[in-house]
Amino acid sequence: MILDLSTVKIFLRPGITDLRKAVNGLSVIVQEGIKQDPFSGSVYLFCNRGRKLLKAVYWDKTGFWLSQKRLEKDKFPWPRDEKEAIELTAEELKMLLVGIDFFKAHREVFYKSVS
């Protein structure tokens, strides 16, 4: 699979997902749970209860790709309480795949006035 992360949208499904599901089951979650189109060419990420296993689903116009990554040590940082899918940047995906918790990183603060 050759995937240019700068041209696709990446969505993370917060919470726990039963990763015994394969492409069909995860695509149903994308369509009904996240309310997204699994055929849009976006990448959709899911994580299991133990946060050691991550699966990604991607449609490339000829079929689905299902990728899986398991961390041997530590756990994936994963939001549990969000209600909607979170869109990630390519840089955030790279950090997530190596286990860096950017969710707790300090976000930029924007002000309109000093007083």
Side-chain angles (χ1 to χ4, degrees):
M1 170 174 77
I2 299 172
L3 180 63
D4 184 6
L5 292 177
S6 65
T7 61
V8 299
K9 290 186 175 185
I10 305 160
F11 292 98
L12 176 146
R13 179 182 187 251
I16 299 164
T17 303
D18 181 3
L19 292 189
R20 294 176 290 181
K21 295 181 186 301
V23 171
N24 293 344
L26 294 174
S27 298
V28 169
I29 291 174
V30 169
Q31 193 167 19
E32 295 177 1
I34 303 176
K35 306 289 189 239
Q36 297 274 337
D37 179 12
F39 302 106
S40 67
S42 298
V43 176
Y44 299 95
L45 304 170
F46 305 90
C47 194
N48 69 342
R49 180 180 303 276
R51 296 186 356 226
K52 289 203 168 270
L53 188 64
L54 180 140
K55 282 190 177 181
V57 174
Y58 170 70
W59 172 259
D60 73 353
K61 296 187 173 88
T62 60
F64 280 107
W65 279 92
L66 178 64
S67 302
Q68 175 178 302
K69 176 160 182 172
R70 183 179 71 200
L71 286 180
E72 297 298 326
K73 186 178 179 184
D74 299 321
K75 296 180 179 189
F76 287 109
W78 205 261
R80 294 185 180 264
D81 56 353
E82 302 287 330
K83 294 183 180 179
E84 295 182 7
I86 300 169
E87 188 170 355
L88 302 180
T89 64
E91 194 62 36
E92 289 171 333
L93 175 62
K94 291 175 187 175
M95 288 189 283
L96 177 71
L97 291 176
V98 295
I100 297 173
D101 190 357
F102 62 88
F103 293 109
K104 294 181 181 172
H106 181 70
R107 303 281 183 200
E108 285 186 66
V109 180
F110 298 97
Y111 294 101
K112 293 185 181 190
S113 68
V114 191
S115 56

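Residue indices begin at 1 and follow the sequence shown. Just the heavy atoms: all of them, side chains too, but no hydrogens, waters or symmetry mates, feed the values below. Note that this is a predicted model, so its numbers are computed, not measured.
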Novice: Which heavy atom in K69 sits nearest to a heavy atom in L97, and how many Å separate them?
Specialist: NZ-O, 2.8 Å

Novice: Please report the interatomic distance NZ(K55) to CG(L45), rounded to the nearest 0.5 Å.
Specialist: 13.0 Å

Novice: Under 4.5 Å between side-chain heavy atoms, counting indirect links through other Ile/Leu/Val/Met/Phe/Trp/Tyr residues: same cluster for F46 and W65 or not?
Specialist: no

Novice: Supply the atom-to-atom distance I10 CD1 to Y44 OH, rounded to the nearest 0.5 angstrom.
Specialist: 11.5 Å

Novice: Describe, in one word, how the ring planes of F39 and F64 are oriented to each other, choosing from parallel (under 30°), tilted (30 to 60°) and perpendicular (over 60°).
Specialist: tilted

Novice: What's the separation between atom OG in S40 and atom CD in Q31, rounded to the nearest 0.5 Å?
Specialist: 11.0 Å

Novice: Using modelled atom types and a 3.5 Å cut-off, is there a donor and acceptor pairing between side-chain atoms of W78 and backbone atoms of R13?
Specialist: yes

Novice: Tell me if a side-chain donor or acceptor on N48 pairs with a main-chain N or O of L19 at a distance below 3.5 Å.
Specialist: no

Novice: Find the distance between CZ (R51) and CG (L53) and round it off to the nearest 0.5 Å.
Specialist: 13.0 Å

Novice: Taking atom CG of D18 and atom CG of L26, what is their separation to the nearest 0.5 Å?
Specialist: 9.0 Å

Novice: For A90 versus L5, what's the shortest heavy-atom pair and its separation?
Specialist: CB-CB, 3.7 Å

Novice: If hydrophobic clusters are built by linking Ile, Leu, Val, Met, Phe, Trp and Tyr wherever their side-chain heavy atoms come under 4.5 Å apart, do L71 and L96 end up in the same one?
Specialist: yes

Novice: About how many Å separate CG of L66 and NZ of K21, when rounded to the nearest 0.5 Å?
Specialist: 13.0 Å

Novice: So if you build clusters from Ile, Leu, Val, Met, Phe, Trp, Tyr with side-chain heavy-atom gaps below 4.5 Å, do I34 and L12 land together?
Specialist: no

Novice: Can you see which heavy atom on L54 is nearest to which on F76, and at what distance?
Specialist: CB-CE1, 3.6 Å

Novice: Provide the closest heavy-atom pair for V57 versus S27 in the form atom of the first, atom of the second, distance.
Specialist: CG1-OG, 4.2 Å

Novice: For the side chain of K52 and the backbone of D74, is there at least one donor-acceptor N/O pair under 3.5 Å apart?
Specialist: yes

Novice: Mind listing the closest non-hydrogen atom pair of A56 and V43 along with its distance?
Specialist: CB-CG1, 4.1 Å

Novice: If you look at every heavy atom in S42 and F11, which pair is closest and at what distance?
Specialist: OG-CE1, 3.7 Å

